[in-house]
Protein chains: 2
Amino acid sequence: MDTKNKLLTSAERLFDQQGFNATSMDQLTEAAQMSSRTLYKHAGGKTGLVKQVLSARDKRFLQMIDVQSIDDLFEALKTWTRTEGARGCLFLRAYGETGSNTPEITDIVLSHKAAFHAQVARLVTGTIGPDHPNLGTLTAQILVLIEGSTAAAIYQGEDAITAAHQAASTLIAQASA
Amino acid sequence: MDTKNKLLTSAERLFDQQGFNATSMDQLTEAAQMSSRTLYKHAGGKTGLVKQVLSARDKRFLQMIDVQSIDDLFEALKTWTRTEGARGCLFLRAYGETGSNTPEITDIVLSHKAAFHAQVARLVTGTIGPDHPNLGTLTAQILVLIEGSTAAAIYQGEDAITAAHQAASTLIAQASA
DNA sequence: ATAAATGTAAAACGAACGTTTTACTTTTGT
DNA sequence: ACAAAAGTAAAACGTTCGTTTTACATTTAT
């Protein structure tokens with residue numbers, strides 16, 4: 001793997017496991033197996049690194065949820081949790097740690113959530129049709145369910161995703177009736 | 001207000017608004033309007049302060065959700081959000097910032113979530129009855145909805161709570177049918 | 001072949017952090 | 001009244017932080 005990818009991959013893992021502020025540049029350089037000089041050449045600094053890690057994760061996450069049905073979406077979330085663990089939404093965690101003091105990071109978080117919402121809307125539309133009167137409502141409800149399963153999975157594991165999936169199925173069936 | 005309460009109240013606000021690691025002892029002493037010597041006498045240190053803030057919030061949160069119905073619960077969540085804003089679950093944020101490196105904080109977080117789950121179970125039981133076959137399932141689903149509305153409210157505000165409330169009502173109606 | 005680009009190792013920078021200490025002052029219970 | 005308790009202000013402690021720099025080695029493209 002090239003230098004940049006090794007940096008972003010190892011940094012994402014550390015940020016996710018320990019938090020952003022609790023992860024030092026020393027830990028980041030050691031995990032990426034490169035000198036701090038090289039790290040700064042590539043990332044510019046810690047804030048730059050956080051931004052690039054979030055952007056990379058945004059891309060990866062959107063690819064993961066680029067599926068064809070709500071069922072597949074929850075299945076993808078379960079696989080993600082199995083392989084990467086469940087420590088909550090990394091974007092909201094970044095927002096919470098910087099307290100919105102870093103507008104560039106807030107922008108990344110908000111645009112990620114907008115893209116996420118758009119994809120859920122796409123899948124719900126594909127399920128109940130574009131003209132269903134409850135399209136917006138149902139989309140908002142399923143988005144909350146996914147957000148909730150991400151949070152609850154921290155302390156409940158995969159069961160939280162199962163519960164959210166079941167709830168989503170019930171809501172969809174009810175709307176389709 | 002006495003010294004201890006002033007400390008815990010101002011610290012909770014700062015931790016919530018800026019994050020735990022991003023809040024310095026200097027900021028905490030200034031906000032509490034006391035010398036660092038007094039702060040350390042009362043809290044023991046930063047970790048001790050975090051623990052006491054979380055314990056106080058646990059008490060306050062459980063009192064807030066000590067209501068008689070699921071509808072009242074969502075109404076209480078809305079009022080809380082209106083008065084205090086929405087920056088995500090402070091317990092999960094604390095867990096995420098320490099990366100489970102502080103077992104005492106992990107314990108507080110987990111026991112808070114257990115108490116939260118118990119209260120949701122109590123309210124669901126009061127709604128559909130103690131012998132309903134879907135009691136556990138429905139409780140898990142509503143818990144995920146509340147957790148999700150807390151997270152989504154960060155970027156959607158009160159609308160996220162409205163969506164979760166509507167979804168919970170639909171699920172309850174479906175289970176009662 | 002060689003110059004530019006890219007890398008390493010390690011020391012050093014000032015600033016900020018959590019914490020403790022020193023020297024006094026004020027409040028409070030008996 | 002007065003000792004104990006609880007407070008203040010401010011300096012100082014050693015550590016750690018993010019970042020830059022120095023001095024040198026390796027890779028790579030023309």
Side-chain angles (χ1 to χ4, degrees), chain A residues 1-55 93-106 108, chain B residues 1-56 93-105 108:
Chain A
M1 203 188 312
D2 63 307
T3 309
K4 187 72 167 284
N5 279 343
K6 184 158 72 172
L7 172 56
L8 293 184
T9 302
S10 60
E12 181 182 345
R13 216 184 67 251
L14 280 182
F15 286 148
D16 188 36
Q17 288 176 343
Q18 312 188 345
F20 296 90
N21 286 319
T23 301
S24 69
M25 295 305 275
D26 278 1
Q27 285 178 296
L28 289 163
T29 56
E30 198 195 332
Q33 294 177 113
M34 63 182 60
S35 65
S36 70
R37 202 179 201 281
T38 302
L39 189 152
Y40 274 86
K41 271 275 169 63
H42 280 97
K46 198 182 186 182
T47 301
L49 183 56
V50 171
K51 283 164 57 180
Q52 291 183 54
V53 163
L54 289 181
S55 292
R93 288 173 63 196
Y95 182 80
E97 284 208 40
T98 60
S100 71
N101 270 337
T102 317
E104 322 146 67
I105 289 178
T106 300
I108 295 175
Chain B
M1 200 189 315
D2 63 306
T3 308
K4 187 73 167 281
N5 278 346
K6 184 157 73 171
L7 172 57
L8 293 184
T9 301
S10 60
E12 181 183 345
R13 214 184 69 250
L14 280 181
F15 286 150
D16 188 36
Q17 287 177 345
Q18 314 188 347
F20 296 91
N21 286 319
T23 301
S24 70
M25 295 305 274
D26 278 1
Q27 286 179 295
L28 289 164
T29 56
E30 197 196 332
Q33 294 178 112
M34 64 182 58
S35 64
S36 70
R37 203 181 201 278
T38 303
L39 190 152
Y40 274 86
K41 271 272 170 65
H42 280 97
K46 197 180 186 183
T47 302
L49 183 56
V50 170
K51 284 164 58 179
Q52 292 182 54
V53 163
L54 289 181
S55 293
R93 288 173 62 196
Y95 182 80
E97 284 208 39
T98 59
S100 73
N101 270 337
T102 317
E104 322 146 66
I105 289 179
I108 295 176

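In what follows, every chain begins at residue 1, and chains take the letters A, B, ... in the order their sequences are listed. This is a predicted model, so every value here is computed, not measured.
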Do any of residues 15-25 of chain B sit with a heavy atom less than 4.0 Å from DNA chain C, and if so which?
-> B/T23, B/S24, B/M25
A/E104 meets the salt bridge (Lys or Arg N to Asp or Glu O under 4.0 Å) criterion, sequence neighbours left out, with A/K51
Rounded to the Å, how far apart are A/D26 CG and D/dC17 C1'?
-> 9 Å
Residues in side-chain hydrogen bond (donor to acceptor under 3.5 Å, both in side chains) contact with B/N101, at least two apart in sequence or another chain = none
Just jot down the side-chain hydrogen bond (donor to acceptor under 3.5 Å, both in side chains) partners of B/Q18, sequence neighbours excluded, or say none.
-> B/Q27
Judged by atom type as modelled, is there a donor-acceptor pair below 3.5 Å linking the side chain of B/S10 to the main-chain atoms of B/L7?
-> yes
Sequence neighbours excluded, which residues qualify as side-chain hydrogen bond (donor to acceptor under 3.5 Å, both in side chains) partners of B/K41?
-> none
Please report, rounded to the nearest Å, how far the C1' atom of D/dG18 is from the CG atom of A/L14.
-> 16 Å
Partners passing side chain to side chain contact (heavy atoms under 4.5 Å, CB included) against B/D26 (at least two apart in sequence or in another chain) = B/S24
Measure from OH on A/Y40 to C1' on C/dT8 and round the result to the nearest Å.
-> 17 Å
Taking only N/O atoms, report every protein-nucleotides 5-13 of chain D pair under 3.5 Å with atom names and distance.
{"unit_1": "D/dG7", "atom_1": "OP1", "unit_2": "B/T3", "atom_2": "OG1", "d": "2.8"}
{"unit_1": "D/dT8", "atom_1": "OP1", "unit_2": "B/Q33", "atom_2": "O", "d": "3.3"}
{"unit_1": "D/dT8", "atom_1": "OP2", "unit_2": "B/S35", "atom_2": "N", "d": "3.2"}
{"unit_1": "D/dT8", "atom_1": "OP2", "unit_2": "B/S35", "atom_2": "OG", "d": "3.2"}
{"unit_1": "D/dT8", "atom_1": "OP2", "unit_2": "B/T38", "atom_2": "OG1", "d": "2.6"}

Any residue meeting side chain to side chain contact (heavy atoms under 4.5 Å, CB included) with A/A94, in chain and number order, not counting sequence neighbours = A/F20, A/L54, A/I105
Residues 31-40 of chain B, side-chain donor-acceptor partners within the protein, below 3.5 Å, at least two apart:
{"unit_1": "B/S35", "atom_1": "OG", "unit_2": "B/T38", "atom_2": "N", "d": "3.4"}
{"unit_1": "B/S35", "atom_1": "OG", "unit_2": "B/T38", "atom_2": "OG1", "d": "3.1"}

